[in-house]
Structures are given as structure tokens and as C-alpha cells.
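Take a look at the structure below.
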Amino acid sequence: MMLIPTHHFRDIERKPEYLQPEKCIPPPHPSPVGTMWFIRDGCGIACAIVTWFLVLYAEFVVLFVMLIPSRDYVYSIINGIVFNLLAFLALASHCRAMLTDPGAVPKGNATKEFIESLQLKPGQVVYKCPKCCSIKPDRAHHCSVCKRCIRKMDHHCPWVNNCVGENNQKYFVLFTMYIALISLHALIMVGFHFLHCFEEDWTKCSSFSPPTTVILLILLCFEGLLFLIFTSVMFGTQVHSICTDETGIERLKRKNQPREHTGSWESVKETFGGDFSPNWFNPFSGPCHPEPLRDGDWVRQVTLSDTDNTETVTESEEGKDKDSVEVVLSHDDIEGLLTATLT
């Protein structure tokens, strides 16, 4: 049996309960098809409610303070349609990002039977998450809020009360884009409204009193500026991550081992759902879902030219995820390793 490096063996000794098979048997029954994904996190739910409240506040000010009292009906109708359409798309994208499974790994599949069914070969590495008792495929990370391992996890966003992963990154990108657009649109309309009210009588440019109108507009201006900056930065960060095929977590951890990139355009098409089309901007159209994980996707292959080289590989991988347990199979004792770690 070979466990490399040595401190991983000490970690296993300190946490023997994570290697007991009864902790992973039986795996939870899979949820019925169509079951809604929702994270029961108090902070995330509160942030999601605040997000909707701020969008509805902007809707109220735009409609009842600026557009409806305006005497320019063409201006009101055009801006009302554009703003409401962008607000609807933003909230729809928020719902899809919040209620879509981001790519959760099946929970509790790190059982002796499952690992034996993988028919592991010499030189292959298996990562087991001790927190959700799952075998972790490549580029999966554990989220302490969702309590699951998420494939291609970028980060956990409390504003959508969900992780941003391979299945819902498109919706998160659209959410940030549409929020930035309605924020910019609101700021432009506030600017025009102030200019109009300075030239006209304040009592004629709003249904509310002048002090109330000024307060509502200033609050909207502050909200719009804050959200424009925040969502624009998030949008740019997400687009950069998609184009470089590198998640936020991977960028922060900066793995020493080089990883093959799929190419910027291919990564963009995979995220947004195929070749460029209007569906890229449609929150009701899903991304290109990858094929179901095969047995080979659960294991990692390392080159075992010699012991020193193996230690270098495993130590560099260790920095990727400290809550993983690495199991390296030797050439001569595959079955003995399974027995030692899972029984």
C-alpha cells in the first residue's frame, strides 16, 4: 500500500471516521426529475429578497416618479418598455441562477462498491471529499454553504443564494449584465429628469412633492451607481473566466500543474449553449450540458516514473483542496489500498 505524501496518511489517521464505509452507505436516493434546486441558507435568502426589493424600488421610481407624470408620451412609452423588459430579463436570470442545480456531484457515492466498480489501475488518483462523502471529479470543489461538491465551481454568490457552476454560469452572467444595463438606463433617465425639473416647475414634473421626488431620485441614483459598478466588475470577471476556461477558485489557488484549456471560443459556446444566437441572451434557454460523468471521469491519472516524482505531483495537487483525501494506487497493491481505506 502506498499513500503519498506522508502527511496525507497522518490526516487520514486524524480523521478515520471519514474513511469508514458506513458513513457513505447508503447514498441518498436521487431526487425525482424536475425537483427544484434551492439552498436553505438564511443569509442567501435575505440577499435574494433584497435584490428583488431593490429592482422593484427602481421600477417604482422609474414608472411613478419619472415616466407616468411625463407629458412626453413617446419618451415614456419607449423608456418604459425598455426598462421593464430589461428588469424582467434580470429577474428571470436571477431566478434561473438561484433555482438551477449548478453541477452538484452525487452525494455519498464514495462507497467501497462504487470505487471497486471504477476498476482503478496503477497510477490513478481518487479524491474523496470527507464533508459530503463524494468522489470528486476533476475541477470539482466543495461548497460549505451548499454542502455539496460542485463541478467547475466559480464561487458561491449570496445574491443568487447559490453556487456559480457549470450548469448555471450563463444565468449568472446574464443577471449581472441585465442589472448593469438597467442601472445605467436608470441613471441616464434620472439625469434627464433632473435637467427637466430644473427648467420646469418641480410641482409639474412629478406626482410627489419636490422634497419627496428629490429623495427618491437621489436614492435611485445611489443604488444605480453602486449596482452598475458592482455588476459590471462581476460581468467582466465572469466573461474573463469563461474565455480563459479558468474558474475563480482555480485562479485564486493557481495550481502548479498546467491544465489543458479548451480554447476561449469553445468555452464560450459551451457556457451559453452553442453557436452565437439570440438564445445566448435568453435566460429561458439553457447552456450546453456536458455528457454524464463516466467511470473514467472520477479518477485522475498520474505518472509514476519513480517515488520522488509521485510525491511532487501529489504535493502540488494538495494545495488545490485541503478538504480532499488523496488515495494513490501502487503498482502492486491496488486491492490492499481499497481494503485499508474503505473497510
Side-chain angles (χ1 to χ4, degrees), residues 43-98 157-161 170-240 278-285:
C43 177
I45 294 174
C47 289
I49 293 174
V50 169
T51 300
W52 275 68
F53 171 78
L54 292 175
V55 173
L56 294 178
Y57 170 78
E59 182 83 17
F60 168 77
V61 176
V62 168
L63 289 180
F64 295 99
V65 177
M66 292 188 289
L67 296 183
I68 292 180
S70 175
R71 298 177 181 178
D72 190 340
Y73 298 109
V74 176
Y75 171 86
S76 298
I77 292 174
I78 293 176
N79 282 280
I81 292 175
V82 172
F83 186 86
N84 281 279
L85 177 61
L86 292 176
F88 171 76
L89 292 173
L91 294 179
S93 300
H94 182 272
C95 286
R96 293 302 301 271
M98 180 172 59
C157 179
W159 297 105
V160 298
N161 189 35
K170 169 187 175 177
Y171 308 130
F172 183 76
V173 171
L174 293 181
F175 167 67
T176 57
M177 182 184 73
Y178 288 128
I179 289 293
L181 288 176
I182 64 173
S183 299
L184 179 61
H185 190 199
L187 287 173
I188 293 174
M189 286 191 291
V190 168
F192 278 114
H193 198 74
F194 268 119
L195 292 176
H196 173 71
C197 290
F198 281 135
E199 295 176 355
E200 300 268 342
D201 187 356
W202 275 87
T203 58
K204 297 180 180 180
C205 67
S206 175
S207 302
F208 299 89
S209 63
T212 302
T213 301
V214 172
I215 292 175
L216 292 174
L217 291 177
I218 290 177
L219 289 177
L220 177 61
C221 187
F222 177 76
E223 175 195 338
L225 184 61
L226 183 65
F227 270 78
L228 175 61
I229 295 174
F230 176 72
T231 55
S232 296
V233 171
M234 288 301 302
F235 175 78
T237 302
Q238 289 298 303
V239 171
H240 178 266
N279 277 331
W280 277 24
F281 309 99
N282 179 11
F284 300 101
S285 174

Next on the checklist: If you apply the rule side chain to side chain contact (heavy atoms under 4.5 Å, CB included), what do you find for F281 with Y178, and how did you get there?
Outcome noted: CA-CA 10 Å; F281 309 99; Y178 288 128; 3.4 Å; yes

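- In this structure, the separation between CG on L89 and CZ on F284 is 7.5 Å, given to the nearest 0.5 Å.
- By the 30° and 60° cut-offs, the orientation of the rings of W159 relative to F230 is perpendicular.
- Distance NE2/H94 to SG/C157: 7.5 Å, rounded to 0.5 Å.
- In this structure, T231 OG1 and F172 CZ are separated by 9.5 Å, a value rounded to the nearest 0.5 Å.
- With hydrogens and angles ignored, the 3.5 Å screen pairs no side-chain donor or acceptor of S70 with any backbone N or O of M66.
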Checklist entry - Is there a side chain to side chain contact (heavy atoms under 4.5 Å, CB included) between L181 and M177 once you walk through the steps? => result CA-CA 6 Å; L181 288 176; M177 182 184 73; 4.3 Å; yes

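- We find the CG-CG distance between N79 and L63 to be 10.5 Å, quoted to the nearest 0.5 Å.
- Within the 4.5 Å cutoff, the side chain of L220 has heavy atoms near those of the V62 side chain.
- Residues Y171 and V160 fail the side-chain proximity criterion, which asks for heavy atoms closer than 4.5 Å.
- The two residues A87 and V55 come nearest to each other via the heavy atoms CB-CG1, 4.4 Å.
- For L174 against S93, the heavy-atom pair with the smallest separation is CB-OG, 3.5 Å.
- A pairwise comparison of heavy atoms in N161 and G44 identifies OD1-CA, 3.3 Å as the closest pair.
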Item to check | V190 and F194: CA distance, side-chain angles, deciding distance, side chain to side chain contact (heavy atoms under 4.5 Å, CB included) verdict | outcome: CA-CA 6 Å; V190 168; F194 268 119; 3.6 Å; yes

Checklist entry - Under the side chain to side chain contact (heavy atoms under 4.5 Å, CB included) criterion, do L67 and M189 qualify, and how do the steps go? => result CA-CA 9 Å; L67 296 183; M189 286 191 291; 4.1 Å; yes

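- Here the CG atom belonging to L54 is positioned 12.0 Å from the CD1 atom belonging to I49, to the nearest 0.5 angstrom.
- Counting only distance, with no hydrogens or angles, the side chain of Y57 and the backbone of L216 share a donor-acceptor pair below 3.5 Å.
- The two residues A186 and F83 have their closest heavy-atom pair at CB-CE1, 4.1 Å.
- For the atom pair CG of L56 and CZ of F60, the computed distance is 11.5 Å after rounding to the nearest 0.5 Å.
- With hydrogens and angles disregarded, a donor-acceptor distance shorter than 3.5 Å links the side chain of R96 to the backbone of P283.
- The minimum heavy-atom distance between K170 and N282, with the atom names listed, is NZ-O, 3.3 Å.
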